[in-house]
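Shown next, in structure tokens, is the structure this report addresses.
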Amino acid sequence: MAMAMAPNAENRLLEELYNRKIKLGAADDRKCQLVLKKVLEVVLGTGKEKSPHFKELFKEIYYTGSYYDQLKVNSSDFEFDLNIVFRFPKETLWCLTHIGDDVRKPNFGHLQTTMHPHSGAWNSLLIKDSQGNLVVSPKRMFEVLKTAVDRALTAVNNTCDVNNERYRVTRSDGAPVILNVYGPGVKFTIDLVPSFKLELHDLQTGCSDLKERVVNILKEFNIYVNTCMAIALQNASSDRFEIDFHDIERGLLNKSGGCVYKVIKLMKYLRDTKGGNIAKLWSHLLKTTVIQHAMKQTKIDYWNNGNLQACFVDCIRNLWVGLQKQW
């Protein structure tokens, strides 16, 4: 009968696997970042020149997704997720409404507003919901962004030069606006999703219970966050936004510290290399599984790197239990 390995030996094997197969290569990372920065500068800058509506509505970029959460693994291609944050025109009245009214999409809600007397760009985003209220349309935000990107790519002939090297940039269809970038030593995608940045007090009109739950989590875990996002997912809803708490997720992971990031990346590596049905598990589900465990397991030394094996096994077990319950 084979003898079980000591925890220290199992931890060492996981650490070796992480360093050998999962940790990002520094050189590839630096080059991708250099090219990414230039592509965004060219595409979004030219997009604002070619689309007056996009120029008026664009506010900033919010960097999200696995790479910027320090959860990118070497077993998958580089992919950068960016929220393109739209601005509210000055003196515009708006509020969140009906969050959770659709039980199939409990974290979705309307962004109800009014016409603006001096902003054709803003008014172009508005439609009426099923009750006749004027709301912002995620699909129309997507169309504004896609039009700006297409005009920009046409203007630059689908190319971008970085340090005397030429890279090709194309767009493909999907739930986000997807940019495909490839050239010397580089191949990655950029997912652009329209959004609004909100403050937590904006949740009050949409669902006061949700706001109270969020505030209680912040107090319990001593996290200082005051913003959330309204994400425009055109394929998910034509008139509702997904309310997203990405900064709070980041805060919860940061509070846990230790090996919590390694556990998520090990789970993603297992998914990427195992294949079969496990390959269908999306990254946010794996991250959420670990965050939920971190919220329950708050012992100060639990997430210590010396406890990597136990943390990994516990989170895999929790994932299995959640899948059995079909979450």
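S66 places none of its side-chain heavy atoms less than 4.5 Å from the side chain of E79. At least one side-chain heavy atom of V35 sits less than 4.5 Å from a side-chain heavy atom of F188. The side-chain heavy atoms of F245 and V225, taken from C-beta on, include no pair separated by under 4.5 Å. Contact of the I84 side chain with the L44 side chain is registered, since non-hydrogen atoms from C-beta on lie closer than 4.5 Å. With contacts defined as side-chain heavy-atom distances shorter than 4.5 Å, the pair I22/L266 qualifies. Taking the side chain as every heavy atom from C-beta outward, L17 and Y269 approach each other to under 4.5 Å. Contact annotation: the side chain of Q131 never approaches that of Q112 to less than 4.5 Å [non-hydrogen atoms, C-beta and beyond]. The shortest side-chain heavy-atom distance between Y67 and C32 does not fall under the 4.5 Å cut-off.
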**Item:** D69 vs K287, salt bridge (Lys or Arg N to Asp or Glu O under 4.0 Å): CA-CA, chis, key distance, verdict
**Value:** CA-CA 10 Å; D69 290 345; K287 182 176 74 169; 3.2 Å; yes

**Message:** Test side chain to side chain contact (heavy atoms under 4.5 Å, CB included) on L125 and F86; report intermediate values, then the result.
**Reply:** CA-CA 11 Å; L125 302 179; F86 281 37; 4.3 Å; yes

**Message:** The test is ring-ring contact (aromatic ring centres under 6.0 Å, His included); show your working for H116 and W94 and say whether it passes.
**Reply:** CA-CA 11 Å; H116 194 281; W94 61 271; over 10 Å; no

**Item:** Derivation of the side chain to side chain contact (heavy atoms under 4.5 Å, CB included) call for Q33 and K37
**Value:** CA-CA 6 Å; Q33 281 298 302; K37 182 179 179 181; over 6 Å; no

**Request:** Kindly indicate, with the supporting measurements, whether the criterion side-chain hydrogen bond (donor to acceptor under 3.5 Å, both in side chains) is fulfilled by T227 and D247.
**Result:** CA-CA 7 Å; T227 57; D247 284 337; 3.1 Å; yes

**Request:** Could you please spell out the steps behind the side-chain hydrogen bond (donor to acceptor under 3.5 Å, both in side chains) verdict for Y167 and E165?
**Result:** CA-CA 7 Å; Y167 297 86; E165 292 181 320; 2.9 Å; yes

**Request:** Run the numbers on L24 and F78 for side chain to side chain contact (heavy atoms under 4.5 Å, CB included), then give the verdict.
**Result:** CA-CA 10 Å; L24 295 183; F78 276 93; 4.2 Å; yes

**Candidate pair T97 and N133, rule side chain to side chain contact (heavy atoms under 4.5 Å, CB included), full reasoning** = CA-CA 10 Å; T97 62; N133 300 309; over 6 Å; no

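Among all heavy-atom pairs drawn from P89 and T92, the shortest one is O-OG1, 2.9 Å. Of all heavy-atom pairs spanning R171 and N180, the tightest one is C-ND2, 3.9 Å. Here the closest non-hydrogen pair linking R271 and S283 is NH1-OG, 3.0 Å. Nearest heavy atoms, N235 versus A175: ND2-CA, 3.5 Å. Considering every non-hydrogen atom in both D239 and I127, the closest pair reads CB-CD1, 4.0 Å. Taking both residues in full, the closest heavy atoms of V43 and A152 are given as O-CB, 3.3 Å, listed atom of the first, atom of the second, then distance.
For the residue pair D101 / H110, no side-chain donor-acceptor distance below 3.5 Å is found, with atom types taken as modelled. Judged purely by distance below 3.5 Å, without hydrogens or angles, the side chains of K50 and T154 never pair a donor atom with an acceptor atom.
Placement of L145 and I178 in two distinct hydrophobic clusters is found when ILVMFWY residues are connected by side-chain heavy-atom separations under 4.5 Å, directly or transitively. With hydrophobic clusters built from ILVMFWY side chains whose heavy atoms lie under 4.5 angstrom apart, F241 does not share a cluster with F108. Linking ILVMFWY residues whenever their side-chain heavy atoms come closer than 4.5 Å, directly or via other members, places L96 and I248 in the same cluster. Following chains of ILVMFWY side-chain contacts shorter than 4.5 Å, one cannot reach V162 starting from Y182, and the two form parts of different hydrophobic clusters. Note: the hydrophobic cluster containing M229 does not contain I243 (ILVMFWY, side chain heavy atoms under 4.5 Å, direct or indirect links).
Around NZ of K38, the count of heavy atoms belonging to other residues, nucleotides or ligands within 6.0 Å does not exceed 12. Counting heavy-atom neighbours within 6.0 Å of E91 CD, excluding the residue itself, gives a total of 12 or less. Within a 6.0 Å radius of CZ in R166, other residues, nucleotides and ligands contribute 12 heavy atoms or fewer.
Here the CG-NZ distance, from L36 to K31, works out to 14.0 Å after rounding to the nearest 0.5 Å. Rounding to the nearest 0.5 angstrom, the gap separating the NE2 atom in H284 from the CD1 atom in I291 is 6.5 Å. For the atom pair L203 CG and L210 CG, the distance stands at 5.0 Å (nearest 0.5 Å). Separating the CG atom in L179 from the CG atom in L192 is a distance of 5.0 Å, to the nearest 0.5 Å. To the nearest 0.5 Å, atoms NZ (K265) and CG (L286) are separated by 14.0 Å. With rounding to the nearest 0.5 angstrom, the CD atom of E242 is 11.5 Å from the CD1 atom of I99.
When atom types are taken as modelled, the side chain of K48 and the backbone of F58 share no donor-acceptor pair closer than 3.5 angstrom. Proximity of a side-chain donor or acceptor of N19 to a complementary backbone N or O of E15 within less than 3.5 Å is detected. The main-chain N or O of R104 is found under 3.5 Å from a side-chain atom of D102 such that the two form a donor-acceptor pair. Side-chain atoms of S51 do not come within 3.5 Å of backbone N or O of G47 as any donor-acceptor pair. No donor-acceptor distance shorter than 3.5 angstrom exists from the side chain of T147 to the backbone of V144, with no hydrogens or angles considered. Checking side-chain atoms of D129 against main-chain N and O of G132 turns up a donor-acceptor pair under 3.5 Å. With N11 contributing its side chain and G306 its backbone, the two residues share a donor-acceptor pair below 3.5 Å. The main-chain N or O of R168 is never found under 3.5 Å from a side-chain atom of N158 such that the two would form a donor-acceptor pair. For D244 (side chain) and H246 (main-chain N/O), a donor-acceptor pair under 3.5 Å exists by modelled atom type. Checking side-chain atoms of D314 against main-chain N and O of C311 turns up no donor-acceptor pair under 3.5 Å.
Taking the centre and axis of the six-membered ring of F221, the NZ or CZ atom of K255 falls outside the cone set by 45° and 6.0 Å.
For the side chain to side chain contact (heavy atoms under 4.5 Å, CB included) test with I231, the passing option among V193, N107, T64 is V193; the others fail.
Below 30°, between 30° and 60°, or above 60°: for F196 and W122 the angle between ring planes is above 60°, a perpendicular geometry.
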